Amino acid sequence: MQYLHGRSVAGGVAIGKPVCLRGGTAELRRLPVADDAVDAEIARFEQGVRDTLGELAQTRATVEIRLSDELAGVFDAHALILQDPLFVDRIAEVIQHSKVNAEWAVQQVSDELQARFGQIETEYLKERGQDLRDVTRYLLNALSGTQAPDVAPTSGELVVLSDELTPSEILRLTRQGVCGFVVERGGDSSHTVILARALGVPLLIGVENATDVGDTAEVVAIDAQSGVLILEPTADQIESLLERSCEQETSWLEEVERGGGEATTACGAPIELLANVELYDELEDALRLGADGVGLYRSEFMSIERDGVVPSEEDQKARYVQFLEVLGERPFVVRTFDLSVGDLEQASCSEVTIEASGEENPSLGLRGIRLGLARPEFLRSQLRALARSKLEVGATANLQVMAPMVSNLEEIHTLRAMIREVWADLQAAGSHLGEVPDVKLGAMVETPAAVLVCEQLAAELDFLSVGTNDLVQYTLAVDRSNESVAQTYQPNHPAVLKLLERVGRVAVSGECRVTVCGEMAADPASLPLLIGAGFRSFSVTPRLMPGVRKVLARLDSEQCGRLLKDATTRATAREVRALVKEKLDLLVS
Ligand code: PEP
Ligand code: MG
């Protein structure tokens, strides 16, 4: 038995057989191959390709039966790459000429192609960087004999240990029955984390060398409550973890049964509690838990769900209609694609040509609304899909459109003009659309610049939504997905609180609706400060809604107001944390 510590970012218990997935080159070694062994090395590689293709065909068939045709299609794209001479012949060539091991050659060629996506001729390779990453992983697993998790019903008890994981990998593996994840690298508020929470699977991050030691264990257990990975847990430990997991599941089911009820503070202030949703599957739980609507639909997950393929206007419209029909008059806030240009280069979008361009600093580059405005065809097709969904569902549809990563008002002006054009085009084509204001328009407040002009934004928009995940990143100049600066990512930093205080004043003024939709809204140590700042609308992951309701029910707004004032005079996040902890008892009225 051995313990490895990490940070728990998505709760629960998972016990299973460890499966190690390594995507990076860090542990790949370049091994020389003797002249007379080169042919055998190429044959080993070719066998690896055949094994991977066989496995893909099997996976495809199972996914088609158990999930959907659409998801099964992902595996066709993977198989095509494995049959492309540009990929496989090149790998054999590298083995032949450089006399190196197959694993090294696979990684070299994969890196080469990733770097040259913009220039190579083969269209589907150019468009499918994510698929290429996946295929590289499969091949490396096949060559090293590591079992990739499959989706057979008997393999439900698998825990994946990986160097890092992308959102699509989390989604894919969960759908294959993986019950928990442990990763070595990653930030606490990455999309991978957000998706794991949404799916309700335990995830531990920052577990050093997890993939090395995981290889040696037969069984591992994730105790996400204490942030521990246990290698070879004892029978007693397994029993007590299972007991706790049963209790958690029972209390979760009870919460679902009970539904939500009104969210209020202890002093009776009504709170709007909305749901952050990435997948359509989450909507049912969100409503059963009493969500007042969807406060943030991260629409870019439609492409993540399809392994990097951006859906067509038609497919998008169908998805929006699905949501609107279920939501009735409740708000449905769709954030336009929050992608970076790098994501787009890796994605495929049948209707829009995507130009290649390398960016050294994607978080500060063409991202969110900037990308939409720089590639108007891309955003226009999303706006058309949104307008058409509203048209199809009719007056009851409470569709609201939100721009991500806004840093100045001109972006809003251009977006509004684009919405008018889309409306005019549809009207000219014979649609009986109402006035443009039929759809509410809002902006994410997630850059310090947006905070500092929030009064002007409020004057022009119907609503604002504070994205604390990015606001913390941009205020503290700390990459939210970078493990090595995770300690510096401090949501309750006084600098962040001062910015929140300013947006809170707009919320109190009632100039427009202001929601907080970042992870701080579900953090018991931050909620008192947000209530203190004057926020009364929150949008959180559905599974966290019962907990948020409980915390809110203990808070007194006046006391929270005093707490925030005090907190903003402190010098560090650590001092704020200590203050919140010390005052928490006083906050219970
Ligand atoms: C945020 O930045 O706080 C947010 C809600 O958006 P995302 O996490 O998708 O960037
Ligand atoms: Mg954001």
Side-chain angles (χ1 to χ4, degrees), residues 9-10 166-168 170-171 186-198 203 205 273-279 282 286 294-305 333-340 342-343 362-372 400-407 411 442-451 454 463-482 486 489-493 496-497 499-500 503 514-523 526-527 529-530 533 535 537-542 544-545 548:
V9 285
T166 63
S168 65
I170 284 265
L171 180 67
D188 291 8
S189 66
S190 64
H191 280 149
T192 300
V193 170
I194 290 167
L195 194 58
R197 282 190 193 135
L203 167 64
I205 58 176
L273 196 51
L274 301 154
N276 288 351
V277 171
E278 290 78 42
L279 308 169
E282 293 172 79
V294 169
L296 168 64
Y297 175 48
R298 290 181 164 101
S299 65
E300 63 278 5
F301 273 77
M302 280 186 285
S303 80
I304 291 170
E305 228 179 313
V333 179
V334 178
R335 180 176 71 184
T336 59
F337 292 132
D338 189 7
L339 295 167
S340 70
D343 296 324
S363 305
L364 300 181
L366 268 188
R367 194 200 134 175
I369 191 64
R370 298 173 186 179
L371 179 62
Q400 312 195 10
V401 176
M402 176 159 77
M405 183 67 185
V406 169
S407 58
E411 288 162 344
M444 294 283 293
V445 175
E446 52 185 347
T447 62
V451 171
C454 64
F463 66 95
L464 299 178
S465 194
V466 187
T468 55
N469 306 338
D470 276 314
L471 187 59
V472 173
Q473 152 162 281
Y474 293 124
T475 306
L476 304 181
V478 55
D479 180 349
R480 63 193 260 197
S481 331
N482 184 339
Y489 186 92
Q490 300 167 329
N492 282 357
H493 190 295
V496 175
L497 297 183
L499 293 176
L500 291 172
V503 193
V514 185
T515 299
V516 180
C517 67
E519 298 301 294
M520 278 178 87
D523 178 4
S526 299
L527 261 177
L529 298 162
L530 295 173
F535 297 106
S537 171
F538 302 103
S539 191
V540 304
T541 299
L544 302 179
M545 286 173 52
V548 169

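Quick caveat, the model's predicted, so the values are computed rather than measured. The figures that follow rest on heavy atoms only: side chains count, while hydrogens, waters and symmetry mates do not. In listed order, ligands and their atoms are each counted from 1.
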Under 3.5 Å: donor-acceptor pair, side chain of [X], backbone of [Y]:
{"X": "S299", "Y": "R335", "value": "yes"}
{"X": "E278", "Y": "R298", "value": "no"}
{"X": "Q473", "Y": "R480", "value": "yes"}
{"X": "N469", "Y": "G518", "value": "no"}
{"X": "N276", "Y": "C517", "value": "yes"}
{"X": "S526", "Y": "A521", "value": "no"}
{"X": "R370", "Y": "L364", "value": "yes"}
{"X": "T541", "Y": "L544", "value": "no"}

**Report entry** Metal site angle (apex the Mg ion (ligand 2)), OE1 from E446 and OD2 from D470, 10 degrees
**Finding:** 90°
For ligand 1, which atoms sit closer than 4.0 Å to a heavy atom of [X]?
{"X": "R298", "answer": "4 (C), 5 (C), 6 (O), 7 (P), 8 (O), 9 (O)"}
{"X": "G467", "answer": "1 (C), 2 (O), 3 (O)"}
{"X": "M444", "answer": "4 (C), 5 (C), 6 (O)"}
{"X": "R480", "answer": "2 (O), 7 (P), 8 (O), 10 (O)"}
{"X": "D470", "answer": "1 (C), 2 (O), 3 (O), 10 (O)"}
{"X": "E446", "answer": "1 (C), 2 (O)"}

Query - T468-ligand 1 polar pair, N/O distance under 3.5 Å - result: yes
**Report entry** M405 touching ligand 1 at heavy-atom level, < 4.0 angstrom
**Finding:** no
Query raised in the report: Should M520 be listed as contacting ligand 1, given a heavy-atom distance under 4.0 Å as the test?
Result: no
Query raised in the report: Side chain, backbone, both or neither: which part of L296 has a heavy atom under 4.0 Å from ligand 1?
Result: side chain
Query - Part of E519 within contact of ligand 1 (heavy atoms, under 4.0 Å) - result: neither
